[in-house]
Amino acid sequence: RKEVEQDPGPFNVPEGATVAFNCTYSNSASQSFFWYRQDCRKEPKLLMSVYSSGNEDGRFTAQLNRASQYISLLIRDSKLSDSATYLCVVNPQTASSYKLIFGSGTRLLVRP
Amino acid sequence: DAGITQSPRHKVTETGTPVTLRCHQTENHRYMYWYRQDPGHGLRLIHYSYGVKDTDKGEVSDGYSVSRSKTEDFLLTLESATSSQTSVYFCAIRDRGFEQYFGPGTRLTVT
């Protein structure tokens, strides 16, 4: 089983739609969680950190469910510019806690 | 902008030749990382550094070596390139928390 699993998609949605991605992680001791966005042929960029109480940044909302070991990202009012791959990232809190584990990503296509 | 540059940005090389990729940062970050990204695998850690001359292996370190003689530079060397090392290589730095910030990447093709 992969340490971080994501549905690869693609999710194909119209502009203005709401779309949600889920991600599951295997290490129950994990403490830090992130969503990164990666455009085609570009580097990953931090979208948001995920706090235990959940957090919102404009149209983006991240939630953490520790009991079920999953993280979600909700995008409201999708824009064409939201088309990208979204990476779920976990810090496993092992002895080498400065490492991050990356999911393979979920691809989002927003159509006009 | 985390002030990270990578060079070269693209390289084509032949099997068996040595290749060195450079990562340069301008903000005095202690932790630096090298990843490779391949379809279906996501980002996988090759090596990382936690200070000058302090490095350790990641999950896919075979065939790679690294060096860090200065805070600002982290070099990744493929001693004898193989076709399986064709990939996109990203360097990253760790900021004050656990977040990492990435350089623009190097596309390496081994023929």
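Chain A is the first sequence line, chain B the second, and so forth, proteins listed ahead of strands; every chain is numbered from 1. Quick caveat: nothing in here was measured; it's all calculated off a predicted structure.
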**Request:** Verify the neighbour count for atom CD of Glu14(B): are there more than 12 heavy atoms of other residues, nucleotides or ligands below 6.0 Å?
**Result:**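 No, because the 6.0 Å sphere around CD of Glu14(B) holds 12 heavy atoms or fewer from other groups.
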
**Arg37(A) atom CZ, over 12 foreign heavy atoms within 6.0 Å** =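 Atom CZ in Arg37(A) is crowded, with more than 12 foreign heavy atoms closer than 6.0 Å.
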
**Message:** Ignoring hydrogens, what is the shortest heavy-atom contact between Ser49(A) and Glu99(B)? Give both atom names and the distance.
**Reply:**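 Result for this residue pair: OG-OE2, 3.1 Å.
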
**Asked** Of all heavy-atom pairs between Phe90(B) and Gln38(A), which one has the smallest distance, and what is that distance?
**Response**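 The answer is CZ-NE2, 3.8 Å.
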
Would you give the length of the straight line joining atom [atom1] of [X] to atom [atom2] of [Y], rounded to the nearest 0.5 angstrom?
| X | Y | atom1 | atom2 | value |
| --- | --- | --- | --- | --- |
| Tyr35(B) | Leu100(A) | OH | CG | 5.0 Å |
| Glu43(A) | Leu43(B) | CD | CG | 11.0 Å |
| Gln37(B) | Leu87(A) | CD | CG | 7.0 Å |
| His41(B) | Lys2(A) | NE2 | NZ | 7.5 Å |
| Tyr101(B) | Leu46(A) | OH | CG | 4.5 Å |

Can you give each donor-acceptor pair under 3.5 Å made by side-chain atoms of residues 72-80 of chain B, sequence neighbours left out, with the distance rounded to 0.1 Å?
from, atom 1, to, atom 2, distance (Å)
Asp73(B), OD1, Arg22(B), NE, 3.3
Asp73(B), OD1, Arg22(B), NH2, 3.1
Asp73(B), OD1, His24(B), ND1, 2.7
Asp73(B), OD2, Arg22(B), NH2, 3.4
Asp73(B), OD2, Lys70(B), NZ, 3.3
Thr77(B), OG1, Thr20(B), OG1, 3.1
Glu79(B), OE2, Ser65(B), OG, 2.8

**Request:** Mind ranking Gly105(A), Ser32(A), Pro44(A) by heavy-atom pairs under 4.5 Å with chain B and telling me who comes out on top?
**Result:**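 Ranked by heavy-atom pairs under 4.5 Å with chain B, first place is Pro44(A).
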
**Asked** Shared ILVMFWY cluster between Leu74(A) and Tyr36(A), side chains joined below 4.5 angstrom?
**Response**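 Different clusters.
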
**Request:** Indicate, with yes or no, if the rings of Phe102(B) and Phe102(A) have centres closer together than 6.0 Å.
**Result:**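 Yes, the ring of Phe102(B) comes within the 6.0 Å limit of the ring of Phe102(A), centre to centre.
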
Can you tell me which portion of [X] sits under 4.5 Å from chain A's heavy atoms? Options are side chain, backbone, both or neither.
| X | result |
| --- | --- |
| Leu45(B) | side chain |
| Arg107(B) | side chain |
| Glu59(B) | neither |

**Request:** Tell me, for Lys45(A) versus chain B, whether the close heavy atoms (under 4.5 Å) come from the side chain, the backbone, both or neither.
**Result:**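 When you check distances to chain B, no heavy atom of Lys45(A) falls under 4.5 Å.
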
**Residues that, via side-chain heavy atoms closer than 4.5 angstrom, fall in one hydrophobic cluster with Met48(A)** =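 Other cluster members: Val4(A), Phe11(A), Val13(A), Val19(A), Phe21(A), Tyr25(A), Phe33(A), Trp35(A), Leu47(A), Val50(A), Phe60(A), Leu64(A), Ile71(A), Leu73(A), Ile75(A), Leu80(A), Tyr86(A), Val90(A), Ile101(A), Leu108(A), Val110(A).
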
